[in-house]
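Down below is the structure, laid out as structure tokens.
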Amino acid sequence: MIERVCLVHYHEIGLKGKNRSTFENRLLANIEHALRGTTFQKARRISGHLLVEDSSGFAPESMAQAISRVPGVARVSLAYRCPPNEDEYCKAAVRALGEVSGDWHSFKVHARRSSTNYQKHSLEMNQIVGSALCAAFPTKKVIMHHPDVQVIVHAVQGDVYVYADTGPGVGGLPVGTAGKVVSLFSSGFDSPVATWMVGRRGAICVPVHFSGRPMTSDSSEWLCQDLVEALAPSGIVGRLYVIPFGEKQRDISMAVPQSLRIIMYRRIMFAVAERIARMEGAKALVTGESLGQVASQTLENIGIVNEMVSLPVLRPLIGSDKQEIMRRAEELGTAQISSQDAPDCCTLFMPRRPETHARPDQVHEAWELFDHEQMIEDLIATMEYVDFNQCPSYKPPRNLRSRHSELAPATI
Ligand code: ATP
Ligand code: MG
């Protein structure tokens, strides 16, 4: 009987030398987690690949698709598994080539042997399978350099795996291999994309959302939850923090010159996010800022907000155009959610003319016009969170309450 399995390919992990098995095990665990609730049966390492099996013995397309969205996966192939018997693997090759979609004219066979207990040499396997395919597809050509399709025949651990079609994965590194980050997460287009980009590089992401509650409704908070759900296939998010910011924004807006309000909101947001990062053991903050996109994203304003924190701030979209970001948001399935209007802290108490090139002395003067330390404390004390069972390597802080007081501003 011919079975169908998923073969998962990863390149970057191969570069990691001694850490290779840690990376492979992490990827294995993440794939298992991504496939929970499906007909997934088991997954294991096999000669430079991961092998994923379905309980029906015939892995469906949907399984390959779900795997392809897991960071660390370079490519996924639906492969036929057969005994090391030339009739069987030739039949599988004909079937695999016949299933290749699109317009193709040429092919070649690439046979490989990773187990020496199979007698036939790979050159011989190439010839056997090549002749079977030429007979089955007489109008197609065999080309050695750059054929349209490659038929892979891989003898390994007592079985032969055969596949022709292979789909791209998202690439990157397994989540949980690059530490943790806290991501400033609005319900707009940019920050979910920025969060995903850092997650794809192996970071566990902890989004923090500042809502306008109680001065606005909580609809932006629901959108943020929907966005986190949309990112679920990549398994990057552990927990979403929500900070009701409306009242404090009102206090700021009454205390400081109108044009500097946004900068003050953002300085507070950064300070609070850094406090959460320290509690969570996160090593960096992430924002969806893109240079010059809006008033708060000029170099001067980025600088004056950045001085609030000592952790590195990652801005994966800093050089991206809005169209590129939107394209990615469409692919991720976040665009439609982000396009819904919801008042959040960004729409609250907005100045008519925000400062685009803030002068440090003016900002520092305005900063002293309200009790910012107390405000940060109060916001941390009122924060809420929602856990998502998406990311198997996410570990929440053990004792949130007592950890707050350990984090006096002076230690930051
Ligand atoms: P986005 O589309 O991500 O909302 P934006 O184009 O609206 O970005 P800004 O409002 O200037 O730009 O926000 C810049 C960045 O600041 C966002 O990408 C996000 O990282 C952070 N940010 C903005 N609003 C919030 C919020 N309400 N809560 C948490 N972080 C926020
Ligand atoms: Mg925004």
Side-chain angles (χ1 to χ4, degrees), residues 181-199 205-213 215-225 227-228 230-231 237 240-246 248-249 252 261-277 284-302 304-306 308-309 311 313-326 328-330 332 334-351 354-356 358 379 383-385:
V181 296
V182 159
S183 155
L184 284 115
F185 201 80
S186 73
S187 58
F189 289 98
D190 306 333
S191 41
V193 173
T195 303
W196 177 83
M197 286 177 80
V198 176
C205 298
V206 180
V208 177
H209 175 65
F210 291 82
S211 91
R213 187 155 52 95
M215 318 305 279
T216 65
S217 75
D218 58 2
S219 48
S220 71
E221 300 168 30
W222 291 106
L223 286 185
C224 285
Q225 293 196 34
L227 286 165
V228 171
L231 295 175
V237 173
L240 166 72
Y241 285 91
V242 174
I243 319 273
F245 194 25
K248 301 298 179 193
Q249 280 186 277
I252 294 174
R261 277 181 199 168
I262 297 184
I263 291 173
M264 298 299 139
Y265 303 155
R266 297 185 65 78
R267 282 168 68 97
I268 294 284
M269 280 161 54
F270 268 53
V272 170
E274 185 172 67
R275 293 280 288 272
I276 295 174
L285 302 182
V286 178
T287 77
E289 287 162 304
S290 152
L291 191 59
Q293 195 191 77
V294 291
S296 59
Q297 297 175 20
T298 59
L299 283 179
E300 288 86 346
N301 290 8
I302 286 176
I304 204 79
V305 172
N306 211 75
M308 289 306 301
V309 295
L311 284 178
V313 181
L314 311 181
R315 298 180 173 85
L317 302 178
I318 198 71
S320 301
D321 286 343
K322 197 74 185 180
Q323 292 94 316
E324 292 164 348
I325 301 170
M326 299 288 286
R328 183 61 87 179
E330 295 282 353
L332 292 174
T334 56
Q336 213 227 328
I337 305 166
S338 293
S339 67
Q340 297 173 44
D341 252 351
D344 71 351
C345 73
C346 296
T347 46
L348 202 56
F349 304 116
M350 289 306 270
E355 180 58 67
T356 48
L379 288 170
M383 75 185 185
E384 300 161 18
Y385 61 78

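These numbers were taken from a predicted model, which means no experiment stands behind them. Both counts, for ligands and for their atoms, begin at 1 and track the order of listing.
- Atom numbering of ligand 1 starts at 1 in the shown order; those under 4.0 Å from a heavy atom of Val208 are 29 (C).
- At least one N/O-N/O distance between Ser191 and ligand 1 falls below 3.5 Å.
- Residues passing the salt bridge (charged side-chain N to carboxylate O under 4.0 Å, His left out) test with Arg315 are Glu289, sequence neighbours excluded.
- Ala277 is linked by a side-chain contact (heavy atoms from CB on, under 4.5 Å) to Val182, Ala282, Leu285, Leu311, counting only residues two or more places apart in sequence or in another chain.
- When heavy-atom distances to ligand 1 are checked against a 4.0 Å cut-off, Phe245 has no atom that comes that close, whether in backbone or side chain.
- Of all heavy-atom pairs spanning Val193 and Phe189, the tightest one is CG2-O, 3.4 Å.
- Each of the following atoms of ligand 1 lies closer than 4.0 Å to a heavy atom of Gln297: 9 (P), 11 (O), 12 (O), 13 (O), 14 (C).
- Residue Phe189 has at least one N or O atom closer than 3.5 Å to an N or O atom of ligand 1.
- Interface atoms of ligand 1 facing Thr287, defined by a heavy-atom separation under 4.0 Å, are 20 (O).
- Rounded to the nearest 0.5 Å, atoms CD1 (Ile243) and CD1 (Ile268) are 11.5 Å apart.
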Inset, instruction - Could you walk me through whether Thr356 and Thr298 pass side chain to side chain donor-acceptor pair (under 3.5 Å), step by step? - result: CA-CA 6 Å; Thr356 48; Thr298 59; over 6 Å; no
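- For the residues Lys322, Arg315, Arg266, Glu289, the heavy atom positioned nearest atom 16 (O) of ligand 1 is part of Arg266.
- Residues Arg266 and Asn301 are not in side-chain contact: their nearest non-hydrogen atoms beyond the backbone lie 4.5 Å or more apart.
- Taking every non-hydrogen atom of Gly188 and a distance limit under 4.0 Å, the qualifying atoms of ligand 1 come out as 1 (P), 2 (O), 4 (O).
- Between Val286 and ligand 1, no pair of N/O atoms sits closer than 3.5 Å.
- Counting only heavy atoms from C-beta outward, the side chains of Leu240 and Cys224 approach each other to under 4.5 Å.
- Separation of atoms CD1 (Ile337) and CD (Gln225) is listed at 11.5 Å; rounding is to 0.5 Å.
- Considering each of Thr195, Val313, Asp190, the one bringing a non-hydrogen atom nearest atom 8 (O) of ligand 1 is Asp190.
- Not one N or O of Met269 is nearer than 3.5 Å to an N or O of ligand 1, by distance alone.
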